[in-house]
Amino acid sequence: MADYQYHIFSPYRVCPLGAHVDHQHGLVTGFAIDKGVDLWFNVREDSRVNLRSLSFEGEVHFDLAARSEVKEKHWGDYARGAKYALKKRFELTRGIDGVLQGSLPVGGLSSSAAVLIAYVMAFAKANGITLQPFEIVQIASEAEREYIGLNNGLLDQACIALGKKDGLLFLDCDSNEWRIINRNPKMPEFEIGIFFSGLTRSLVNSDYNLRVFECKTAAWNMLAYQNQPLRTFDKTFLRDIPKETFDNTRDMMPLRFAKRAEHFYSEYRRVRQGVTAWETGNLQLFGKLSFDSCESSIHNYECGSPELISIYNIMRPLQGVYGGRFSGAGFKGAVIALVDPKHKEAIERELTEKYLAEYPEYQETFKVYWVKPDDGARFV
Ligand code: GLA
């Protein structure tokens with residue numbers, strides 16, 4: 001792409017621990033990885049945006065200076081979403097001509113947040129706007145929540161914008177305080193396996209938003225039982241309700257809501273333990289907590305397709321798998337694992353054989369990739 005002036009690499013993310021809690025202001029961890037989205041672009045004299053993708057059909061054309069348009073249910077919506085969120089804060093007068101390419105098939109690695117962050121950075125660059133890393137996180141998140149319509153939290157954007165090669169991102173989604181916890185020199189080597197089930201779905205059409213409302217309903221139940229004032233759903237988060245309140249009210253509420261809350265409070269505890277495990281170089285314990293997080297996603301949060309659950313069950317006992325869980329929400333395609341590199345080939349062989357024996361229909365689409373943590377989105 002030599003004829004382009006700028007090149008942004010925006011990585012995908014994986015979350016070993018702290019899943020489905022960001023939208024309730026919980027604690028999360030994650031990595032940016034060495035696969036992601038590349039955006040090459042030139043800055044234009046006028047405010048037009050012209051994009052094409054090497055991964056998706058069609059072209060996208062719009063004007064950054066014009067009012068925000070309605071969504072078209074097309075990959076171009078992410079670029080329009082970036083425009084929408086930036087325009088709430090800045091005047092945009094210069095557009096770009098760009099080409100976009102993703103490096104892995106879509107499904108659970110948050111390619112949507114990766115492209116959004118690439119567009120936010122590109123439009124900001126074209127317009128001489130300097131953004132702090134956490135501002136990029138917030139702008140991209142607003143684009144996804146308010147424009148695309150997914151009621152998610154900050155996990156994806158934070159991993160993608162703030163991730164570091166040699167560390168684990170830890171973010172408190174209540175205070176927005178974050179830090180990178182460097183690898184303890186005692187920690188054994190690991191690589192990240194990404195196991196694509198072959199199944200792809202969009203989160204906007206999944207039960208993702210429904211689960212978010214179930215968490216808020218659990219919070220409302222607890223507040224109501226305690227005769228405390230309720231607030232509107234947009235201001236209701238499980239994080240604001242002490243664990244003791246849950247202990248005192250869990251048997252009174254419908255099981256469905258109690259389970260969602262159980263996931264939240266237990267994941268909070270696991271992330272705290274996981275951070276200590278990571279700090280002390282205890283990858284075994286960190287991995288086990290990631291497995292437990294997946295168990296809670298299956299039984300308490302009740303997400304995960306039969307395909308993902310099958311991959312998880314097959315990989316859990318394999319030698320050299322420290323831990324792992326559904327990637328992202330678990331409504332889409334992938335499971336991730338932290339793995340001892342010595343056992344990579346054997347793990348891949350056994351997993352592929354057993355999974356395809358159960359799901360031969362994914363012969364063509366089941367894929368295994370090996371990746372490593374990497375730095376967050378950047379100009380190359
Ligand atoms: C998706 C959402 C995130 C987060 C995860 C689950 O990736 O976009 O905000 O909720 O699911 O942890």
Side-chain angles (χ1 to χ4, degrees), residues 10-33 36-37 77-78 81 85 104 106-117 137-163 168-174 176 178 194 196 200-216 237-239 260 263-264 266-268 270-271 274 289-290 292-298 300-305 308 312 324-336:
S10 187
Y12 301 134
R13 68 94 189 84
V14 300
C15 165
L17 206 47
H20 313 292
V21 294
D22 56 347
H23 48 76
Q24 296 310 305
H25 289 183
L27 306 177
V28 301
T29 72
F31 302 107
I33 60 173
V37 173
D77 285 346
Y78 291 95
L104 294 182
V106 182
L109 299 178
S110 204
S111 50
S112 52
V115 292
L116 266 169
I117 284 182
V137 172
Q138 284 169 314
I139 293 170
S141 161
E142 270 177 37
E144 190 150 20
R145 275 183 294 119
E146 296 172 18
Y147 191 81
I148 303 294
L150 185 68
N151 291 318
N152 61 353
L154 294 178
L155 168 76
D156 306 337
Q157 296 81 4
C159 295
I160 291 166
L162 312 172
L168 175 75
L169 171 79
F170 168 63
L171 167 71
D172 182 332
C173 298
D174 191 35
N176 287 342
W178 59 277
I194 297 178
F196 271 105
T200 50
R201 273 185 209 157
S202 154
L203 278 194
V204 183
N205 305 323
S206 73
D207 279 348
Y208 185 91
N209 281 344
L210 189 70
R211 289 286 180 280
V212 173
F213 291 128
E214 287 173 344
C215 290
K216 289 172 185 280
F237 305 100
L238 284 170
R239 180 68 180 275
R260 308 304 180 249
H263 175 76
F264 178 85
S266 62
E267 193 74 348
Y268 185 90
R270 282 186 289 274
V271 174
L289 291 162
S290 179
D292 293 349
S293 163
C294 195
E295 286 291 326
S296 178
S297 296
I298 297 171
N300 295 320
Y301 209 73
E302 293 182 288
C303 65
S305 59
L308 292 185
Y312 164 75
R325 51 159 293 113
F326 305 151
S327 186
F331 292 107
K332 275 204 272 184
V335 176
I336 59 120

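Counting convention: from 1, in listed order, for ligands and their atoms alike. For reference, positions follow the sequence shown, starting with 1.
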Check: Just heavy atoms, cut-off under 4.0 Å: does Arg13 contact ligand 1 by side chain, backbone, both, or neither?
Finding: side chain
Note to self: I want to know if ligand 1 touches Gly153 in the polar sense, i.e. an N/O pair below 3.5 angstrom.
What the structure shows: yes
Check: Do Ser296 and Glu267 meet the criterion of a side-chain donor-acceptor pair at a distance under 3.5 Å?
Finding: no
Notebook entry, point to check: Which atoms of ligand 1 are found less than 4.0 Å from any heavy atom of Tyr208?
Noted result: 1 (C), 2 (C), 3 (C), 4 (C), 9 (O), 10 (O), 11 (O)
Notebook entry, point to check: Short list, please: which atoms of ligand 1 are under 4.0 Å from a heavy atom of Ala19?
Noted result: 12 (O)
Checklist line | Contact check: His23 vs ligand 1, nitrogen or oxygen atoms, below 3.5 angstrom | finding: no
Margin query: Only heavy atoms of Asp22, strictly under 4.0 Å: list the atoms of ligand 1 that pass.
Written below: 3 (C), 4 (C), 9 (O), 10 (O)
Check: Of all residues at least two apart in sequence or in a different chain, which pass the side-chain contact (heavy atoms from CB on, under 4.5 Å) check with Ser290?
Finding: Pro16, Arg325
Item checked: Test applied, side-chain hydrogen bond (donor to acceptor under 3.5 Å, both in side chains); reference residue, Glu302; option that passes from His263, Arg211, Arg260 -> Arg260
Check: Looking only at heavy atoms, what is the nearest atom pair of Leu109 and Val14, with distance?
Finding: CD2-CG1, 4.0 Å
Next item on the list: Give the numbers and elements of all ligand 1 atoms closer than 4.0 Å to a heavy atom of Leu155.
Entry: 4 (C), 5 (C), 12 (O)
Check: Which residues satisfy the side-chain hydrogen bond (donor to acceptor under 3.5 Å, both in side chains) test with Asp22, sequence neighbours excluded?
Finding: none
Item checked: Atoms of ligand 1 close to His20 [distance to a heavy atom under 4.0 angstrom, numbered from 1] -> 6 (C), 12 (O)
Next item on the list: Grab the two heavy atoms, one from Ile160 and one from Ser110, that are nearest each other, plus how far apart they are.
Entry: CD1-O, 3.7 Å
